Number of protein chains: 2
Amino acid sequence: MLLARFRNLFFLPSNPMAQFMNPILIETLKRIALLGGAKRELEISSSALGSSLGVSQQAASKRLIDMEKAGAVRRGMSVKRQRVKITESGIRELRREYLEYRRIFEDRNRIYLSGKAASGVGEGRYYMSQNEYLEQFGKALGFEPYHGTLNIDLDDAEASKLQSLDASEGIVLRGFSSGGRTFGDVKCFKAKIKGAECAVIIPKRTHYRHMVEVVAAKRLRETLGIKDGDILELMIEI
Amino acid sequence: MLLARFRNLFFLPSNPMAQFMNPILIETLKRIALLGGAKRELEISSSALGSSLGVSQQAASKRLIDMEKAGAVRRGMSVKRQRVKITESGIRELRREYLEYRRIFEDRNRIYLSGKAASGVGEGRYYMSQNEYLEQFGKALGFEPYHGTLNIDLDDAEASKLQSLDASEGIVLRGFSSGGRTFGDVKCFKAKIKGAECAVIIPKRTHYRHMVEVVAAKRLRETLGIKDGDILELMIEI
DNA sequence: ATTACTATGCACCGAGTAA
DNA sequence: TTTACTCGGTGCATAGTAA
């Protein structure tokens, strides 16, 4: 599936180097940073770098060449010595990596989702037209939601993150009966999208799907200038 | 150089899995953690994982098998579904990685060195037998140093970290003349070794070498139970 | 639909070596 | 001593396919 590769590039527009930076080069870049090459020109032989990485001098030399081609480091070569410094672009790469690890260990109550803004009427929108839900929602979340929802379409891997919502109760809007129809409990989670406060709503008895529905006080499509197909980053608090 | 590999293992005794966890598997483990597999059993198909990693279903499947062999994940296989959870050992691996990145971005005023306790009389020890240095040292560092120094032997890569000390003035002990001999300025840096306060001393006009000399209020070899050849982790504040 | 085998090809590695 | 080339081996990748 070559498409997957393209999609990944698409998801990381601020990272033009990614296509050349594989995990091996990232590891090498990290090592150089740990040796001090992030802040200043580091004088290091390829054999010293190699032994620090647990690889040969030749392999370290090759990696330095590849990283230079990828724009992650700059080198000053003198006759018998090289000085290595990580570029701005290389630092960005490392920071991106760092932030991912930080999410794992520090943002344990948050889920970060990435998906496409999509049209289509979901159940959530229907629920948010019921006054009984709306009143509970206003009390619990502190704002009255706009009557529509923003749908976000997820691929399989992103959708699997929704499993984390199982463990958390979230904010429950109690079900009720009205006009002979029964409405079940609905789960809400506080969320943010491009910094804007919003909430994710999910029928409590449901299996996970590829769509999340987001509500906010104002019409997000307008306030944030969202068009169908835009890639959105959503942060959910669990 | 196969030796390099062994040395690395030696430097990381708390990481018995490292020999099987290459950068590719670490990357995969990180992705699984980001999808939620660190906290709970994650239900994810190998093709979804693959597309999230930008590799094929087959490659993702292989990586899962390899990680399971390495003890980094545990899997529950049902007929058409697998559930993946990162083991304690896998979490440790990720945390080790995380801490390295944190050092890069958060500990910008610290250097972490790893080396071997060594015998031998260095210049530092000689300097620390001069009262003029000792008095200045006591005022600046807040403790009177024990009359000996602990030497730490560094390999090439670790020694290159000492270049960071160039940029920083450190704590300068002024030179003087005594008995017809001239003593130059000496640089000190606050440091810690196994939690104990100490200091690194370096002649100001010197090129970097493979040895650092550490002084402390008490004899570190005794208080910390250090023998020649022990691997020591030293943290220097710059 | 899954997972994961086999076969084949590419990329990375280390040894040897040139400059 | 350095860096970095070529070359041959190996390990990881994907395609095809079985179960």
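Residue numbering restarts at 1 for every chain, and letters A, B, ... go by the order of the sequence lines. In this text the structure is predicted, and so the values were computed from the model without any measurement.
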May I have the distance from Ile65(B) (atom CD1) to dA4(C) (atom P), rounded to whole angstrom?
-> 5 Å
Touch class at under 4.0 angstrom, heavy-atom based, for Ala59(A) against every strand present | sugar-phosphate
How would you label the contact of Leu64(B) with the nucleic acid (heavy atoms, under 4.0 Å): base, sugar-phosphate, or nothing?
-> nothing
Per Ser46(A) side chain, nearest of listed nucleotides dA4(C), dT14(D), dT3(D) = dT3(D)
Under 4.0 angstrom, heavy atoms only, what part of the nucleic acid is Ser61(B) near: base, sugar-phosphate, or nothing?
-> base
Does Gln58(B) put a side-chain nitrogen or oxygen below 4.0 Å from OP1 or OP2 of dT14(D)?
-> no
Selection from dT3(D), dA13(D), dA4(C) that lies nearest to any side-chain heavy atom of Gln82(A) | dT3(D)
Return the nearest nucleotide to the side chain of Ile24(B); candidates are dA13(D), dT3(D), dC12(C).
-> dA13(D)
Looking for any heavy atom pair under 4.0 Å, which part of the strands does Arg81(A) touch: base, sugar-phosphate only, or nothing?
-> nothing
Just how far, in rounded Å, is P of dA13(D) from CG of Asn22(A)?
-> 11 Å
Any side-chain donor paired with an acceptor under 3.5 Å for Glu106(B) and Tyr98(A)?
-> yes
Taking atom types as they are modelled, is there a donor-acceptor pair under 3.5 Å from the base of dG14(C) to the side chain of Gln57(A)?
-> no
Taking for each residue the nucleotide of DNA chain C bearing the nearest heavy atom, is the 5' side occupied by Arg75(B) or by Lys80(A)?
-> Arg75(B)
